[in-house]
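Working notes, beginning with the structure itself.
Just so it is clear, the structure is predicted and the values come from calculations on it, not from any experiment. Both ligands and their constituent atoms are indexed starting at 1 by order of listing. No hydrogens, no waters, no symmetry mates; every other heavy atom, side chains included, goes into these values.
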Amino acid sequence: MATESAVTENGTGAGAAETLTITDNRTGQTYEVPIEDGTIRATELRKIKASEDDFGIMTYDPAYMNTASCRSAITYIDGDRGILEYRGYPIEQLAEKSTYLEVAYLLIHGELPDQRQLEEWTHQVTMHTFVHENVKEFMQGFRYDAHPMGMLLASVGALSTFYPEAAQIKDTDNRYLQVIRLIAKMPTLAAFSYRHNQGKPYVYPDNDLSYAGNFLSMIYKMTELKYQPDPRLEHALDVLFILHADHEQNCSTSAVRSVGSSQVDPYSAVAAGVAALYGPLHGGANEAVLRMLRRIGSTENIPDFIAGVKSGNERLMGFGHRVYKNFDPRAKIIKQAVEEVFEVTGKNPLLHIATELEKIALEDEYFVKRKLYPNVDFYSGLIYEALGMPVEMFPVLFAIGRTAGWIAQWLEMIDDSEQKIARPRQIYTGARTVDYVPVSARG
Ligand code: CMC
């Protein structure tokens, strides 16, 4: 029988075995489980049985706190050191030097494009920005004040009915066309959702403009023949799209992978991602931040608000992250972008409350002890508001950027021979073999 010291010895010497020795104290039996990439396969634990007919040991991991669900070469995060890289490129460099479309290419293809590839990619995406007129009519059927995220969720899912061939997910050419369509049409659906919510006519894409510039045109164009976006705002929006483009196995990406694992078409899988992003703990957080800042109203009210958070009444929205426990590198870049945008639009008084709130929270023991720092959403809402977006549009803007990541992850999953339909296990805690009693006889 292996002892604990034997395991330690194994783990310290040169050429130490890359295995984990487990002793089942119920039976006295020991098991050797291979360690690969600092990970053991959960299915290996099934060999550990108390009796012949035992199912075998499972891991219990609500919210996937310590479970890797895939191998991925797309996004690297080191939460303790505040590192975020797409395909190995640091987020700081991409935000400063690249564009969203180039980053989307990088995420999807695995490497930065050369000049010709970039031009071709940009041309293809630009040529697919229009949606079928029936999509527009379908969207016009929503209630006059429909939340744009709900409209985006429904309309991106509805694209599967316009492109039924998208169900052929094993056909690579076909699949690539859907990838282009998704990147291209997401801003159009998002802008139509916004215009609908505002009671304004939908604006068709302007293919002379950049990805972000065209989006701003579809949002703001009124009677002018041509909308000219302010290049500084266009750039800030593009940077925000880059920062949101991927974040490895977050809630919405896991949703895309999980739903996509059923081999459904990518529009339906991405609709699942939009649905997950709609929630206040994920893409809805920046909306919640703005509402929170408005409710606080003035810096004098911050101490009361913080006291409420500390007593567990509510959360400081835009703070904390499952992975980043030191700082969120995206928050740093966004803070810089806030300054740039405010140079154009003038300062928002909420910025003052946000900076004060951040300062107070970063010095407060409650937040320090729990390693709670501002995340990407603490400041992104302020930029969106400065761009004239209502809070309902915040998660929609997040979804536009995240589409590249969702698709890259979906493609990686499809080509991963180890992946199967996602199907977690459970620990059943309910009643068993209860006899049915007719309603008339129930006490
Ligand atoms: N305000 C106050 N307390 C908090 C907060 C917060 N924002 N976040 C976590 N805590 C506390 C929590 O109450 C717990 O305290 P205790 O140990 O005393 O019970 C401790 O910190 C650990 O929190 P947790 O809920 O176990 O952490 P988590 O990893 O499950 O949650 C989170 C991560 C992002 C959901 C959470 O920090 C949160 O709700 N933040 C506010 C919402 C937000 O800003 N979300 C955007 C995330 S970034 C964008 C994205 O990638 O989607």
Side-chain angles (χ1 to χ4, degrees), residues 61-67 74-80 82-84 86 91 149 240-257 272-293 295-296 302-335 354 357-384 391 394-406 409:
D61 191 9
Y64 305 117
M65 297 288 286
N66 194 35
T67 295
I74 300 172
T75 291
Y76 174 78
I77 300 177
D78 181 333
D80 290 331
I83 294 173
L84 169 61
Y86 297 159
I91 191 67
M149 192 65 165
L240 281 169
F241 287 158
I242 293 174
L243 297 185
H244 285 99
D246 196 48
H247 214 229
E248 50 122 301
Q249 308 312 314
N250 57 87
C251 177
S252 59
T253 302
S254 305
V256 170
R257 278 185 176 260
V274 176
L277 198 59
Y278 204 170
L281 295 188
H282 192 10
N286 47 16
E287 176 174 346
V289 170
L290 251 270
R291 290 190 199 283
M292 173 190 78
L293 292 175
R295 196 157 43 84
I296 295 173
I302 292 177
D304 275 355
F305 171 77
I306 294 274
V309 170
K310 285 160 69 174
S311 56
N313 294 342
E314 59 182 312
R315 290 203 158 190
L316 170 49
M317 298 311 284
F319 259 63
H321 201 276
R322 174 63 58 79
V323 179
Y324 296 119
K325 299 296 176 195
N326 190 340
F327 68 92
D328 179 341
R330 303 169 301 172
K332 277 195 168 176
I333 301 167
I334 284 209
K335 217 170 161 183
L357 189 55
E358 179 187 358
K359 205 168 121 228
I360 294 173
L362 289 180
E363 284 164 5
D364 191 295
E365 205 225 324
Y366 174 94
F367 298 93
V368 175
K369 209 173 92 195
R370 290 171 177 78
K371 300 190 172 201
L372 300 171
Y373 296 86
N375 60 49
V376 67
D377 286 328
F378 193 67
Y379 285 106
S380 64
L382 286 170
I383 297 191
Y384 294 148
V391 285
F394 296 0
V396 173
L397 288 151
F398 191 157
I400 297 176
R402 187 53 58 88
T403 300
W406 287 333
Q409 300 269 353

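- Taking a 6.0 Å sphere around CG of Asn66, one finds it holds 12 or fewer heavy atoms contributed by other residues, nucleotides or ligands.
- Between the side chain of His282 and the backbone N or O of Ser252 there is at least one donor-acceptor pair closer than 3.5 Å.
- Atom NZ of Lys325 is surrounded by more than 12 heavy atoms from other residues, nucleotides or ligands within 6.0 Å.
- Put simply, the side chain of Tyr86 gets close to the backbone of Asp246: a donor and an acceptor are under 3.5 Å apart.
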Derivation of the ring-ring contact (aromatic ring centres under 6.0 Å, His included) call for Phe398 and His247: CA-CA 12 Å; Phe398 191 157; His247 214 229; 8.9 Å; no
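- Residue Leu316 holds the heavy atom nearest to atom 6 (C) of ligand 1 of all those in Leu316, Leu277, Asn313.
- Using a 4.0 Å cut-off between heavy atoms, Leu281 contacts ligand 1 through both its backbone and its side chain.
- Counting only heavy atoms from C-beta outward, the side chains of Phe305 and Val309 approach each other to under 4.5 Å.
- Closest to atom 51 (O) of ligand 1 among all protein heavy atoms lies His321 NE2, 3.6 Å.
- Looking only at heavy atoms of the protein, atom 39 (O) of ligand 1 is closest to Arg315 NH1, 2.7 Å.
- Distances between N or O atoms of Asp377 and those of ligand 1 include no value under 3.5 Å.
- Heavy-atom contacts from other residues, nucleotides or ligands closer than 6.0 Å to OH of Tyr366 number more than 12.
- Each of the following atoms of ligand 1 lies closer than 4.0 Å to a heavy atom of Ala285: 43 (C), 44 (O), 45 (N), 46 (C).
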Verdict with reasoning, Val289 to Phe394, per side chain to side chain contact (heavy atoms under 4.5 Å, CB included): CA-CA 11 Å; Val289 170; Phe394 296 0; over 6 Å; no
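- Residue Phe378 does not touch ligand 1, judged by heavy-atom distances below 4.0 Å.
- Note: no N/O pair closer than 3.5 Å links Glu314 and ligand 1 by distance alone.
- Atom NZ of Lys369 and atom CG of Asp364 lie 10.5 Å apart (nearest 0.5 Å).
- For the atom pair Tyr379 OH and Ile333 CD1, the distance stands at 14.5 Å (nearest 0.5 Å).
- Nearest to atom 44 (O) of ligand 1 by heavy-atom distance, out of Gly318, Ala63, Pro395, is Gly318.
- Protein non-hydrogen atoms do not reach within 4.0 Å of atom 27 (O) of ligand 1.
- Protein heavy atom nearest atom 2 (C) of ligand 1, with residue, atom name and distance: Val309 CG1, 3.5 Å.
- Of the protein's non-hydrogen atoms, the one nearest atom 9 (C) of ligand 1 is Leu372 CD2, 3.5 Å.
- Here the CE-CD distance, from Met292 to Glu287, works out to 13.0 Å after rounding to the nearest 0.5 Å.
- Asn250 places a side-chain N or O within donor-acceptor distance of the main-chain N or O of Glu248, the cut-off being under 3.5 Å.
- The nearest protein heavy atom to atom 4 (C) of ligand 1 is closer than 4.0 Å.
- With respect to atom 33 (C) of ligand 1, the closest heavy atom belonging to the protein is Arg322 N, 3.7 Å.
- Here Phe319 contributes atom CZ and Leu357 contributes atom CG; the two are 6.5 Å apart, rounded to the nearest 0.5 Å.
- Every heavy atom of Asn250 sits 4.0 Å or more from the atoms of ligand 1.
- Nearest protein heavy-atom neighbour of atom 52 (O) of ligand 1: His282 ND1, 2.5 Å.
- Checked against a 3.5 angstrom limit, the closest N/O atoms of His247 and ligand 1 fall outside it.
- Residue-to-ligand polar distances keep Met317 apart from ligand 1: every N/O pair is separated by 3.5 Å or more.
- For atom 16 (P) of ligand 1, the closest heavy atom belonging to the protein is Arg370 NE, 3.6 Å.
- In terms of protein heavy-atom proximity, atom 47 (C) of ligand 1 is nearest to Asn375 ND2, 3.6 Å.
- Atom 19 (O) of ligand 1 is not flagged as protein-proximal [any protein heavy atom, distance under 4.0 Å].
- Geometrically, ligand 1 and Phe319 share a nitrogen or oxygen pair separated by less than 3.5 Å.
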